[in-house]
Number of protein chains: 2
Amino acid sequence: MNFKAITITDIAKALNISASTVSKALSDSYEISAKTKQIVLTYAREHNYRPNPNAISLKFGSSLSIGIVIPSIQNQFFAQIIDGIESVAHDEGFTVIIAQTHESYDMEVKSIQQLTHRAIDGLLISQSSETFDVSHLENLRSKGLPMVFFDRVSDQIDTHKVVTDNFQGALNATQHLFDNNYSRIAHITGPEGLSITTDRLNGYRQAHAQNKTQVTADYIKHCSYTNNNVAEIERAVHELLQLPDRPDAIFATSDTITSTVLLLLNKLGIKIPGQMAVIGFTNSSFAAVLAPPLTSVFQPGFLMGQKAARLLLSLVKSKKAVTEFETVVLPMQLIVRESSSVSIQV
Amino acid sequence: MNFKAITITDIAKALNISASTVSKALSDSYEISAKTKQIVLTYAREHNYRPNPNAISLKFGSSLSIGIVIPSIQNQFFAQIIDGIESVAHDEGFTVIIAQTHESYDMEVKSIQQLTHRAIDGLLISQSSETFDVSHLENLRSKGLPMVFFDRVSDQIDTHKVVTDNFQGALNATQHLFDNNYSRIAHITGPEGLSITTDRLNGYRQAHAQNKTQVTADYIKHCSYTNNNVAEIERAVHELLQLPDRPDAIFATSDTITSTVLLLLNKLGIKIPGQMAVIGFTNSSFAAVLAPPLTSVFQPGFLMGQKAARLLLSLVKSKKAVTEFETVVLPMQLIVRESSSVSIQV
DNA sequence: TTGAAAGCGATACCAC
DNA sequence: GTGGTATCGCTTTCAA
């Protein structure tokens with residue numbers, strides 16, 4: 001089976017004129033008579049002509065498309081970012097091509113090769129948690145590929161970046177727990193090495209400093225963000241629960257970590273927030289109807305996507321090389337619900 | 001700024017040989033000497049050569065890529081389907097291009113035009129809820145574009161289809177409510193016209209027939225699946241609650257509808273399942289930790305994506321026109337939790 | 001064993 | 001006003 005769309009040559013043959021005339025007529029060139037334009041445009045519309053983007057890309061080395069590299073589409077936060085990117089890109093006539101890394105460095109390298117050879121005009125990327133060596137990206141950037149980082153950024157590459165205020169978000173969440181009389185606060189977060197992990201950990205630490213409380217190393221657990229991380233999370237929770245000085249609150253990141261933590265606590269019959277307060281990072285609409293309603297840090301995904309796309313398109317359209325880059329920091333929102341209500345234990 | 005990847009001509013020039021020799025060497029042609037191959041391959045690897053897909057697509061009218069058209073990436077069910085599709089497509093060397101319709105007919109038409117002119121080899125589609133006229137699809141199919149429908153299918157187009165057993169899923173969910181002593185069962189579902197809406201409604205009706213219970217028209221509410229449907233859902237719930245013969249159970253579809261229903265019931269202080277049982281259609285990992293844990297119909301998204309992709313690739317690879325099509329029906333799973341526990345009211 | 005040339009679709013420079 | 005031709009990167013005859 002083979003499918004072929006209508007081309008300029010098809011139109012030219014059908015109307016018994018040359019391909020160049022058709023091309024010019026379609027682009028409304030002043031060289032072409034009104035009558036010819038009329039005929040060509042009518043025929044083109046009737047036969048649903050659309051230029052072949054592959055030919056255009058080949059011809060101009062530009063494709064009016066941008067690549068997006070994210071860890072996983074299943075994460076609602078990233079899905080919202082994509083929607084934000086698309087809303088801007090489509091307005092400017094750009095198509096978007098999405099590639100997932102599933103938290104694998106190899107997949108990231110492969111996806112990016114795929115995308116760049118598709119002649120994308122720019123790249124939006126949130127790194128995989130396995131990515132430490134960024135030479136594959138630095139390589140492209142130095143060759144002039146416009147690139148913008150979002151959410152998970154690298155400090156080794158100088159370009160525009162858009163992040164949420166992970167430090168402040170974690171600080172606020174942790175401080176909120178202190179304010180509500182919790183003092184033994186555990187933090188279950190993503191793998192070390194990620195910018196978001198570091199920033200959140202720093203916020204968590206800062207809150208402890210503010211409250212003149214020592215950070216307990218055993219209270220900090222790193223889990224991977226891959227699909228099969230449930231066992232890891234379960235182990236982390238069990239270890240926390242078995243500590244002699246058991247935490248009275250858990251501050252968790254990501255949807256999977258948060259929902260798994262809640263499931264375990266419920267299963268063990270641990271009352272939330274009575275015996276254990278919980279705060280999560282989540283954009284899920286279900287947060288408000290969890291048992292109990294979950295205090296959560298909400299990240300403006302759609303907005304982040306829009307900002308990142310605008311910055312990328314400004315790079316793509318810039319005639320001269322850009323050397324001054326900015327890092328946009330978007331505020332997070334702490335939405336307080338019952339899961340972190342004032343502790344009555346102390 | 002302009003970014004260019006290395007081409008066959010670049011390699012040819014650098015090595016002082018012809019482009020055709022390079023091309024053949026890269027494809028390991030028997031015409032080329034081992035030594036030349038060695039030199040070319042080494043150089044190509046070192047300089048990270050990858051063929052330009054636009055050139056390939058233009059040359060062969062095939063792109064080793066397939067298009068996916070879905071309503072929204074934010075729906076976790078569709079995100080899972082995409083992962084399923086990718087897992088199959090990547091294994092076979094195909095790239096995937098995703099387009100969202102956001103439930104708009106115009107966006108659907110536009111996206112599909114975009115995709116087909118990118119020389120995709122096949123199309124996987126789940127229709128928008130606004131799509132009644134399918135001539136844009138029939139057009140492509142008749143011209144030979146391999147096409148597979150999934151989830152939301154059209155009965156006006158003859159091709160492979162993959163669906164979940166919406167009839168059985170709705171039947172089981174409704175029957176489960178009857179079994180647990182509920183008899184005034186409301187159904188809040190998607191817009192009329194969608195295959196999934198009809199099938200679920202039929203399952204709901206069948207359950208009523210089995211239990212010799214009349215279906216009450218006022219108990220059936222249709223809401224759109226767009227992003228801004230909260231007001232609609234709120235109105236539907238309020239109307240249900242104000243009925244003289246108020247329902248004692250709600251069977252809802254989709255994540256937004258389900259979470260909004262739960263939020264409203266909680267806000268109004270209506271006990272679940274004491275005063276109102278709830279069953280939802282959701283794949284969210286949060287279902288188990290909702291207040292109360294939600295009985296839900298789980299749809300095998302990943303599997304659906306895999307099946308659909310395999311069927312599409314079989315069409316793409318088939319040398320002769322395929323005229324016998326199949327409709328794969330995947331079973332759903334009713335996961336029983338507290339939100340539909342046995343009623344003690346009756 | 002290697003290379004020159006045609007062609008995929010669209011555009012732009014030049015002729016006419 | 002219109003049409004021929006080169007070009008983008010790649011593959012595939014065909015010729016050397």
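Worth knowing before you read on, the calculation uses all heavy atoms, side chains too, and leaves out hydrogens, waters and symmetry mates. Chain identifiers are assigned alphabetically (A, B, ...) following the order of the sequence lines, protein sequences preceding nucleic acid strands; residue numbering begins at 1 within each chain.
- Between the CD1 atom of B/Ile6 and the C1' atom of D/dC8 there is a distance of 16 Å, rounded to whole Å.
- Overall, the helix from C/dT1-D/dA16 to C/dC16-D/dG1 carries an axis bend of 60° between its ends, with five pairs at each end and the value rounded to 10°.
- For B/Lys59 against C/dG9, no side-chain N or O and base N or O form a donor-acceptor pair under 3.5 Å.
- Judged by distance alone, the side chain of B/Ser57 and the main-chain N or O of B/Pro53 form a donor-acceptor pair under 3.5 Å.
- For B/Lys13 and D/dG9, the NZ to C1' distance is 12 Å, given to the nearest whole Å.
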Give the table of side-chain donor-acceptor pairs shorter than 3.5 Å for residues 87-94 of chain A, with sequence neighbours excluded, one pair per line with atom names and distance.
{"residue": "A/Ser87", "atom": "OG", "partner": "A/Gly84", "partner atom": "O", "Å": "2.8"}
{"residue": "A/Ser87", "atom": "OG", "partner": "A/Gln306", "partner atom": "NE2", "Å": "3.3"}
{"residue": "A/Glu92", "atom": "OE1", "partner": "A/Lys317", "partner atom": "NZ", "Å": "2.2"}

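- Using a 4.0 Å heavy-atom criterion, one finds that A/Ile17 contacts the sugar-phosphate atoms exclusively.
- With respect to B/Glu103 and B/Arg152, a salt bridge is recorded, a charged nitrogen being found less than 4.0 Å from a carboxylate O.
- Minimum atom distance to the side chain of A/Ile8 is reached by C/dT11, of the listed C/dC8, C/dT11, C/dA4.
- At whole-Å resolution of the value, CG in A/Leu58 and C1' in D/dT11 are 13 Å apart.
- Taking the side chain as every heavy atom from C-beta outward, A/Leu330 and A/Leu303 approach each other to under 4.5 Å.
- One atom, CD1 of A/Ile56, and another, C1' of C/dT11, lie 8 Å apart when rounded to the nearest Å.
- Straight-line distance from the CG atom of A/Asp28 to the P atom of D/dG1: 13 Å, rounded to whole Å.
- Phosphate contact (OP1/OP2 of C/dT2, side-chain N/O of B/Thr21, threshold under 4.0 Å): absent.
- At the phosphate of D/dC10, neither OP1 nor OP2 sits under 4.0 Å from any side-chain N or O atom of B/Ser20.
- When the side-chain nitrogen and oxygen atoms of A/Thr36 are compared with OP1 and OP2 of D/dT2, one or more of them lie within a distance under 4.0 Å.
- Residues A/Ser128 and A/Tyr105 approach most closely at OG-N, 3.8 Å, considering heavy atoms.
- The residue among B/Arg50 and B/Lys24 whose nearest nucleotide of DNA chain D is located toward the 5' end is B/Arg50.
- Using a 4.0 Å cut-off between charged side-chain N and carboxylate O, B/Glu138 and B/Lys143 make no salt bridge.
- A donor-acceptor contact shorter than 3.5 Å links the side chain of B/Lys37 to the backbone of B/Ser29.
- Side-chain N/O atoms of B/Ser23 include one lying less than 4.0 angstrom from OP1 or OP2 on D/dT11.
- Between B/Ile32 and B/Ala55, the residue whose closest nucleotide on DNA chain C is further toward the 5' end is B/Ile32.
- Straight-line distance from the NZ atom of A/Lys37 to the C1' atom of D/dT2: 13 Å, rounded to whole Å.
- OP1 and OP2 of C/dG9 both lie 4.0 Å or more from every side-chain N or O belonging to A/Tyr49.
- Going from atom CZ of A/Phe60 over to atom P of D/dT7 covers 15 Å, rounded to whole Å.
- Looking at B/Thr159, its side chain does come within 3.5 Å of a backbone N or O of B/Met147 through a donor-acceptor pair.
- Distance, A/Asn54 CG to C/dG7 C1': 15 Å, rounded to whole Å.
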